[in-house]
Structure formats: structure tokens, C-alpha cells
Amino acid sequence: MPGVIEPPDRERLSVPIGTHSPRILMLYGSLRARSYSRFLTQEAARLLEYFGAEVRIFDPAGLPLPDAEPDNHPKVRELRELSQWSEGQVWCSPERHGTISGVMKAQIDWIPLSVGSVRPTQGRTLAVMQVSGGSQSFNAVNQLRQLGRWMRMITIPNQSSVAKAFQEFDEAGRMKPSAYYDRVVDVMEELVKFTLLTRDVSRYLTDRYSERRERASELESRVALKSI
């Protein structure tokens, strides 16, 4: 369709990087009192703040199951408002039965792909992490990557998978020095860099031909009706 297929505009990809702190929302997938996904999330939050980010951690306690309550439930509103506030997100889940936990999936399911014309996750960066009770696995992070793609997010290349998590945290819930910790540092550093690079051009990065064509067709149809 003429005027809808557009070659990439280098100038629109080269806007100045904003000076405000990257806004990062963090979700974790367990309600246990001694939750290793929460511990890992809190450890990552300290690193993000060190790297200059503004961080908010959503507490999933009290969030209803999807469709069990209307979407004006206070916890649902809180989650959706935080998602809209964010410029990047971190999802951290325990691995249960070879996949992410129900607590983690419920949070993602409550964030819709679109609310009217607003997409609460599109164009935002995403880092994924998991904790396991046994040997190292990547089942949960792989599932989170798939969900991130479905939610139209920019998932960074690096990720963190902490095996035998019960051995990796002290009694206070702080992560012990290890190669696992080093990887968390790598992931959070990378997330901040990707967020800084993409947040100011995310709308252009996610501007799609198919959606422009659909809008153009709708406009053409309205104009045709007015001319009758």
C-alpha cells in the first residue's frame, strides 16, 4: 500500500538518550516466606539501583487468579499501573514441574496485550531469571522468553538461572558470592544498557507495517463513507 511501506528512518533511531533514571518493574513467582525467587529479585534490584535505575517490586500476595475477579481489583490495577509506568521489566520465577509457577503466570496473564490503544508491555525491555531446587535448568527462562515475545517485549540476550538456590542465599536472604551472582550482575547491567538504548525509540521500533496498513484502510473506509 503506497505511503505505508516505509524504509527505516535513521534519524528516528538516533534520538538523544533521555536523562531520567530507567524505570524497572520486577515480578517474582512465589509466595513462600523464604522465597528464593523473591531473594533473587531483591538482589537484582540492589544492582539495578546501583546502575542508576528506579526500581519497583510488585508483591503478588493478594493478586486473584485471572478472571476470578474483575480487572478493577486493587491488586490488578496496581500491577497494570506499574507495567504502564515501567520502561523495562524483570521476571523471576521458580521452576515448578518443568515450567514457571502459577503465581508468575497469573501476574503475566493479568497484564493484557492491549487496553484500548495502550499496550502495557510493547517495546519495553525484559530480563528473565529463574531459581531451581535441583540441578541447573533453563525451562522457566525459556518459557518466560516465549511469553515476553508474545507480550511484544524486547527480551535481552543474557539471562540468569540459579541451581540449588537453597545453597546460594544466606539466612538473611542475601546472595552469596559465586558465578551465579556474577551472572546476575551481567544481566542487570545489560538490562539497563538495553533500556537506555531503546526506551526513547520503542514506539518507532514497534511501529509495524501491518498495523499502519490496517489504520490506513480504516481511514480510507471512513473517508469513502463521508463522500456518499
Stepwise, does the side chain to side chain contact (heavy atoms under 4.5 Å, CB included) test hold for V201 with R12? CA-CA 7 Å; V201 293; R12 294 182 69 182; over 6 Å; no

Between F51 and L196, is there a side-chain heavy-atom distance shorter than 4.5 Å? no

Taking atom types as modelled, find out whether Q130 and S132 have a side-chain donor-acceptor pair closer than 3.5 angstrom. yes

Examine the side chains of T195 and T125 and answer whether a donor and an acceptor come within less than 3.5 Å of each other. yes

About how many Å separate CG of L126 and CD1 of I24, when rounded to the nearest 0.5 Å? 10.0 Å

Please report the C-alpha distance between V90 and M188 in whole Å, then the side-chain angles of each, then the deciding distance to 0.1 Å, and finally whether the side chain to side chain contact (heavy atoms under 4.5 Å, CB included) criterion is met. CA-CA 9 Å; V90 178; M188 295 305 110; 4.1 Å; yes

Taking OH in Y204 as the centre, count heavy atoms belonging to other residues, nucleotides or ligands within less than 6.0 Å. Is the count above 12? yes

For the residue pair R124 and Q84, establish whether any side-chain heavy-atom pair is separated by less than 4.5 Å. yes

Nearest 0.5 Å please: distance from the CZ atom of R46 over to the OG1 atom of T41. 10.5 Å

Minimum heavy-atom distance between S83 and I111, given as atom pair plus value: OG-CG2, 3.7 Å

Looking only at non-hydrogen atoms, find the nearest pair between A140 and I100 and report the distance. O-CG2, 3.6 Å

I would like to know whether Y181 and L47 meet side chain to side chain contact (heavy atoms under 4.5 Å, CB included); could you show each step before the answer? CA-CA 11 Å; Y181 177 79; L47 291 164; 3.5 Å; yes

Yes or no on salt bridge (Lys or Arg N to Asp or Glu O under 4.0 Å) for R174 and D170, after CA distance, side-chain angles and deciding distance? CA-CA 5 Å; R174 293 301 306 270; D170 63 22; over 6 Å; no

If you count every heavy atom of other residues, nucleotides or ligands that lies below 6.0 Å from H20 atom NE2, does the total exceed 12? yes

Sub-3.5 Å donor-acceptor pair from the side chain of S160 to the main-chain atoms of R183, do we have one? no

For A165, which residues count as a side chain to side chain contact (heavy atoms under 4.5 Å, CB included) partner, sequence neighbours excluded? Y36, V131, V162, F169

For L27, does its backbone N or O pair with a side-chain atom of Q89 as donor and acceptor, under 3.5 Å? no

For R38 and R32, indicate whether the former's side chain and the latter's backbone hold a donor-acceptor pair under 3.5 Å. yes

For the residue pair I57 and A45, what are the closest heavy atoms and their distance? CD1-CB, 4.0 Å

Any V76 side-chain heavy atom under 4.5 Å of E69 side chain: no

Could you see if F138 belongs to whatever hydrophobic cluster contains L40? Use Ile, Leu, Val, Met, Phe, Trp, Tyr and a side-chain cutoff under 4.5 Å. no

Same cluster or not: L31 versus M129, using hydrophobic residues (I, L, V, M, F, W, Y) connected whenever any side-chain heavy atoms lie under 4.5 Å apart? no

Can you tell me how far apart CG (N139) and CZ (R96) are? Round to the nearest 0.5 Å. 15.0 Å

Please determine whether residues I17 and L191 belong to a single hydrophobic cluster, defined as Ile, Leu, Val, Met, Phe, Trp and Tyr linked transitively by side-chain heavy-atom distances below 4.5 Å. yes

Report yes if some heavy atom in the side chain of L144 is under 4.5 Å from a heavy atom in the side chain of I108; otherwise report no. yes

Nearest-0.5 Å distance that lies between atom CD in E87 and atom OG in S202: 8.0 Å

Axial cation check for F58 ring with K75, 6.0 Å and 45° limits: yes

Spatial distance of atom CD (E43) from atom SG (C92) [nearest 0.5 Å]: 11.5 Å

So, do Y180 and K164 sit near enough that their side-chain heavy atoms are less than 4.5 Å apart? no

Report the distance from atom CD1 of I154 to atom CG of L205, rounding to the nearest 0.5 Å. 5.5 Å

Stepwise side chain to side chain contact (heavy atoms under 4.5 Å, CB included) check, V103 with Y28: CA-CA 8 Å; V103 173; Y28 61 90; over 6 Å; no

Minimum heavy-atom distance between E190 and N158, given as atom pair plus value: OE2-N, 2.9 Å

Quick one: does L147's side chain get under 4.5 Å of W91's, heavy atoms only? yes

Minimum heavy-atom distance T19-R199, with the two atoms named: N-NH2, 3.9 Å

What about I156 and M151, same hydrophobic cluster or not, with Ile/Leu/Val/Met/Phe/Trp/Tyr joined at side-chain heavy-atom distances under 4.5 Å? no

Please examine the side chains of H73 and W110, heavy atoms only from C-beta on, and report whether any two atoms are closer than 4.5 Å. no

Of all heavy-atom pairs between P16 and D200, which one has the smallest distance, and what is that distance? O-OD2, 3.7 Å

Within-4.5 Å side-chain heavy-atom neighbours: W150 and T121: no

Going hydrophobic residue to hydrophobic residue with side-chain gaps under 4.5 angstrom, can you get from F39 over to M26? yes

